[in-house]
Amino acid sequence: MHAEIVMIGTELLLGQIVDTNASYIGQILAENGINLYQKATVGDNPQRIRHVLEDALSRADVVLTSGGLGPTEDDITRECVAELTGRPLEFRQELYEQLAERFARFRRPITENNRKQAYAPRGAIAIPNPNGTAPGLIVEDKRGVIICMPGVPHELHAMLSDSVLPYMRQKWGIEGVLHYRVLHVCGVGESRVDALIGDLIVESDNPKIGLLAYPDSVRIRLSARARTMEEANTMIDALEARVRSRLPGLIMGTGHETIEGVVDRMLEERGWKLAIAETYTGGAAAQRLVAAGAHSFAGSFVQPPTASEALDAAAARLVDETRKRFPAECVLAISSHVEERRAWVLFEWPEGRAEWEIGFVQLDALNQVRGAVVALEHVRRALAGVPDEVADGKS
């Protein structure tokens, strides 16, 4: 079966709201082995909504929508679906009673415009919404099925997992899963990763490898179609072992792991604290540790980049200053020369001392994030004992 999604709301087109629902729906459909072929976003205009839905129905077995089910005048999804499918809206007393009961629980009076949410196209299946007032709708048309869900993320999430997916699995006899695992590589560019595992990418089919470049990492996505999650994980385990053998010591983590989280865990396991001195990164390394709730973080300070001092000497001076300010076993110093677009990373820990030179294109927020991630990645490699020649791709 083929699915498409239609995101409804002028606020999405204007960029007033970030569309997290589309990515969530896509992820959940993929995990359940459902092919998603296209996504469209449309404003609160009845003609355009009907046109987009009709266009989607010409290709897909099921069209999932998000938004436009509320009580206000610009919430017009149910009206558009009713007109498109030739099913007039009908008032449903049971839906209204559910609304009234929910308002009563919150001790709020139900307003007249909420009555709108008790209407549904003739013959439509109402989807319960335990987290909000707008019920979802399933409309089965000869051209395909339209499934309407609210735009509030936590309402959509529950409705999708609790009601929509079970309906789709039963109706289309969906079996099996599409499961994936993400490996994170920091401090190495996408082209370098591709050069090391490119042949695996070309030959992979099921399981399959994909590369995604982000400001803080290169993500290697391993995906497998299988009958069960256990079978998919077995397939992915074998492929992951091959990928790791090509990138020894360079895979920082998996899934939702972050470089700051990994570094914090490694330091905590040793009972060490880390203090940081930063220049061009402007506190970005410290910020990431603070946001992660790192227990190993001892403190930090920021100084302007140097213009007259050698970078390695500046880094050594920063280490000395940091040790005077904070009681910590480990110190990370990032010195830099803005005009030359160069930075020097010096890391001292109880078992050793290491330093690296890194470059940056320009001084801006994106390069500050990248520099902070690269510096923390060097800390991880040092603690993990990854040799420089491996980290530099020379072995």
Side-chain angles (χ1 to χ4, degrees), residues 1-17 19-30 32-92 95 116-127 129 134-153 155-156 159-160 163-174:
M1 62 163 296
H2 300 155
E4 292 195 15
I5 56 179
V6 175
M7 317 309 290
I8 299 172
T10 301
E11 66 277 7
L12 298 174
L13 292 177
L14 297 178
Q16 296 171 336
I17 294 179
D19 185 7
T20 59
N21 283 343
S23 59
Y24 181 80
I25 295 173
Q27 175 184 330
I28 296 301
L29 293 182
N32 285 270
I34 300 170
N35 297 312
L36 178 61
Y37 279 7
Q38 191 162 314
K39 181 198 86 166
T41 303
V42 62
D44 300 312
N45 177 282
Q47 290 80 17
R48 286 194 286 271
I49 291 175
R50 290 195 300 270
H51 173 74
V52 170
L53 289 174
E54 188 169 24
D55 187 47
L57 280 175
S58 69
R59 295 181 298 266
D61 302 296
V62 58
V63 179
L64 298 97
T65 77
S66 166
L69 296 179
T72 63
E73 291 297 325
D74 60 350
D75 289 315
I76 54 176
T77 298
R78 62 174 61 82
E79 289 83 354
C80 293
V81 172
E83 186 170 345
L84 176 64
T85 58
R87 299 165 178 262
L89 289 174
E90 296 179 335
F91 179 76
R92 296 193 181 178
L95 295 182
K116 176 181 180 178
Q117 296 175 297
Y119 281 83
R122 179 179 296 166
I125 302 170
I127 309 174
N129 183 0
L137 299 168
I138 299 176
V139 180
E140 297 178 334
D141 186 74
K142 60 183 179 181
R143 292 166 291 183
V145 177
I146 302 176
I147 300 178
C148 305
M149 295 176 287
V152 180
E155 296 180 23
L156 179 142
M159 190 176 291
L160 183 61
S163 300
V164 173
L165 280 174
Y167 165 84
M168 295 172 67
R169 281 188 168 276
Q170 181 178 13
K171 182 172 180 62
W172 282 283
I174 298 171

Please report the interatomic distance [atom1]([X]) to [atom2]([Y]), rounded to the nearest 0.5 Å.
X	Y	atom1	atom2	answer
L12	I17	CG	CD1	6.0 Å
L165	I174	CG	CD1	8.0 Å
E4	L29	CD	CG	11.5 Å
M159	L64	CE	CG	12.0 Å
I49	T77	CD1	OG1	5.0 Å
L13	I8	CG	CD1	11.0 Å

Just by distance, do the side chain of [X] and the backbone of [Y] share a donor-acceptor pair under 3.5 Å?
X	Y	value
D141	R143	yes
T65	V6	no
K39	G26	no
R78	L69	yes
R87	V81	no
N35	H2	no
R92	A118	no

Please say whether more than 12 non-hydrogen atoms of neighbouring residues, nucleotides or ligands are located less than 6.0 Å from [atom1] in [X].
X	atom1	result
R169	CZ	yes
Q47	CD	yes
Q16	CD	yes

So L84 and V139, side chain to side chain contact (heavy atoms under 4.5 Å, CB included) or not? Walk me through it.
-> CA-CA 11 Å; L84 176 64; V139 180; over 6 Å; no
L156 vs I25, side chain to side chain contact (heavy atoms under 4.5 Å, CB included): CA-CA, chis, key distance, verdict = CA-CA 9 Å; L156 179 142; I25 295 173; 4.0 Å; yes
Considering non-hydrogen atoms only, spot the tightest contact between [X] and [Y] and give its length.
X	Y	value
V63	A60	CG2-CB, 4.4 Å
S66	G151	OG-CA, 3.6 Å
G9	D44	CA-OD1, 3.5 Å
P150	N21	O-ND2, 4.4 Å
S163	I127	CB-CG2, 3.4 Å

Test item: [X] and [Y] side chains (from C-beta on) under 4.5 Å apart, heavy atoms:
X	Y	answer
I147	M168	yes
I34	W172	no
Y167	V145	yes

May I have the step-by-step check of side chain to side chain contact (heavy atoms under 4.5 Å, CB included) for M1 and K171, ending in yes or no?
-> CA-CA 11 Å; M1 62 163 296; K171 182 172 180 62; over 6 Å; no
